[in-house]
Amino acid sequence: CNLQPKDAAKMPESAWKLLFYTLSWSYGTYLLFFTDYPFFYDPPSVFYDWKKGMDVPTDIAIAYLLQCSFYGHSIYATAYMDTWRKDSVVMLLHHVVTLTLIAFSYAFSCQEQGRRGEVAGGLPGGRRLCWEKLRRGSCLPRHPRGPLKPPCSLCPGRFWFRLYWFPLKVLYATCYSSLQSVPNIPFYFFFNALLLVLTLMNVYWFLYIVLFVGKVLMGQMQEVNDVREYDVEDSKKT
């Protein structure tokens with residue numbers, strides 16, 4: 001693909017994530033918008049008639065099996081396979097928190113929260129492909145403000161999915177609606193603490209996009225780079 005050497009090693013990671021997240025996001029969208037589940041448009045319905053030992057629908061069980069497998073693998077991949085970045089420690093924590101939420105929400109029949117959370121995630125696997133197109137000049141004309149357009153398109157999308165829909169649809173249901181429908185729901189603080197941690201991580205990663213756009217606007221970036229990655233000098237030190 002005529003990739004630069006520094007990008008060739010990163011492309012398999014990004015291609016794999018793009019493939020998985022595309023399939024996963026599509027399946028999550030199918031469950032929420034093309035089935036009879038009302039959970040997206042009526043978040044409190046997640047807890048209507050909730051009780052311990054509820055049966056798990058097969059289509060949701062399949063989604064959970066795929067997600068649990070992926071994030072279990074991702075813990076190992078982030079630590080030993082993927083390029084180490086400034087946010088890798090946070091990424092490891094994210095995978096552990098996500099895997100814990102998946103396992104416990106499945107065990108306590110809160111599966112619909114997990115599916116909405118997955119759709120709220122968006123498609124992070126395409127970032128590397130965007131950076132590479134920009135470097136090769138196949139995405140925009142070469143001019144000082146050229147690299148700004150794709151990150152600007154990522155910015156509102158990430159904000160809408162992770163900082164608007166996620167709190168509106170998921171946190172609202174788990175923090176407020178759950179107590180209205182099931183006053184003694186188990187592990188209330190445990191689930192919501194982990195979900196709030198994920199929200200803070202979403203804010204953390206959104207700031208990286210804002211930082212990138214800010215550097216472009218201020219003329220501080222000579223070439224398109226992922227601001228999460230270490231500079232060459234920093235890489236030698238680490």
Side-chain angles (χ1 to χ4, degrees), residues 1-32 59-103 105-106 111 114-136 138-139 147 150-151 153-155 157-158 160-162 165-166 197-198 201-202 204-206 208-209 212 223-232 235 238:
C1 297
N2 297 321
L3 298 176
Q4 296 183 16
K6 62 181 179 179
D7 294 316
K10 302 169 187 174
M11 185 56 70
E13 171 193 345
S14 296
W16 157 245
K17 289 181 179 178
L18 177 64
L19 173 64
F20 176 82
Y21 281 118
T22 299
L23 296 175
S24 174
W25 191 85
S26 299
Y27 188 54
T29 301
Y30 161 75
L31 289 177
L32 289 179
D59 50 4
I60 292 181
I62 291 173
Y64 262 69
L65 177 62
L66 293 173
Q67 291 296 322
C68 192
S69 302
F70 174 77
Y71 283 105
H73 157 75
S74 295
I75 293 174
Y76 175 84
T78 300
Y80 298 107
M81 297 172 62
D82 298 344
T83 301
W84 193 258
R85 301 182 176 91
K86 297 175 182 178
D87 66 337
S88 291
V89 173
V90 179
M91 187 68 72
L92 278 172
L93 177 61
H94 170 273
H95 296 336
V96 171
V97 170
T98 301
L99 192 60
T100 303
L101 280 168
I102 289 173
S105 65
Y106 184 88
Q111 304 88 10
R115 295 316 310 154
R116 282 210 305 271
E118 179 59 28
V119 172
L123 294 173
R127 280 192 300 257
R128 171 60 50 192
L129 302 180
C130 178
W131 302 138
E132 180 55 29
K133 281 188 176 183
L134 285 167
R135 285 199 184 102
R136 295 169 62 182
S138 59
C139 199
S153 65
L154 289 173
C155 215
R158 194 175 185 92
W160 185 264
F161 281 98
R162 299 196 176 197
W165 264 1
F166 185 78
V197 169
L198 288 183
M201 292 181 185
N202 288 336
Y204 169 77
W205 279 308
F206 182 75
Y208 270 111
I209 297 179
F212 177 89
E223 62 176 357
V224 179
N225 288 311
D226 190 339
V227 293
R228 299 173 303 153
E229 295 179 355
Y230 289 103
D231 296 332
V232 176
S235 298
T238 56

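Small disclaimer: the values here were computed from a predicted structure and weren't measured.
- Taking CD1 of I60 as the reference point, atom CG of L65 lies at 14.0 Å (rounded to 0.5 Å).
- Shown here for I75 and L92, the closest heavy-atom pair between the two residues is O-CD2, 3.4 Å.
- For the side-chain contact (heavy atoms from CB on, under 4.5 Å) test, residues two or more places apart in sequence or in another chain that qualify with A61 are V56, Y106.
- Pairs engaging residues 60-74 under the salt bridge (Lys or Arg N to Asp or Glu O under 4.0 Å) rule: none recorded [sequence neighbours left out].
- Legend: residues meeting side chain to side chain donor-acceptor pair (under 3.5 Å) with Y204, ordered by chain and number and at least two apart, are Y208.
- V89 places a side-chain heavy atom less than 4.5 Å from the side chain of W84.
- One N or O on the side chain of S74 and one on the backbone of F70 form a donor-acceptor pair closer than 3.5 Å.
- Every residue meeting the side-chain contact (heavy atoms from CB on, under 4.5 Å) condition with T100, not counting sequence neighbours, appears here in chain and number order: V96, F104, F190, L194.
- To the nearest 0.5 Å, atoms CG (D82) and CH2 (W16) are separated by 11.5 Å.
- Every side-chain contact (heavy atoms from CB on, under 4.5 Å) that N202 has, sequence neighbours left out, goes to R162, L163, F166.
- Counting only residues at least two apart or on different chains, no salt bridge (Lys or Arg N to Asp or Glu O under 4.0 Å) pair has a member in residues 59-70.
- Contacts of I62 classified as side-chain contact (heavy atoms from CB on, under 4.5 Å), with partners at least two apart in sequence or in another chain: Y27, T58, L66.
- Between the OG atom of S26 and the CG atom of L31 there is a distance of 11.0 Å, given to the nearest 0.5 Å.
- Under the 30°/60° scheme for interplanar angles, the aromatic rings of H95 and Y71 are found to be tilted.
- T83 meets the side chain to side chain donor-acceptor pair (under 3.5 Å) test with no other residue; sequence neighbours excluded.
- Each of H73, R85, M91 was checked for a side-chain contact (heavy atoms from CB on, under 4.5 Å) with T78, and the lone residue meeting it is M91.
- In this structure, W160 and W165 have tilted ring planes: the angle between them lies in the 30° to 60° band.
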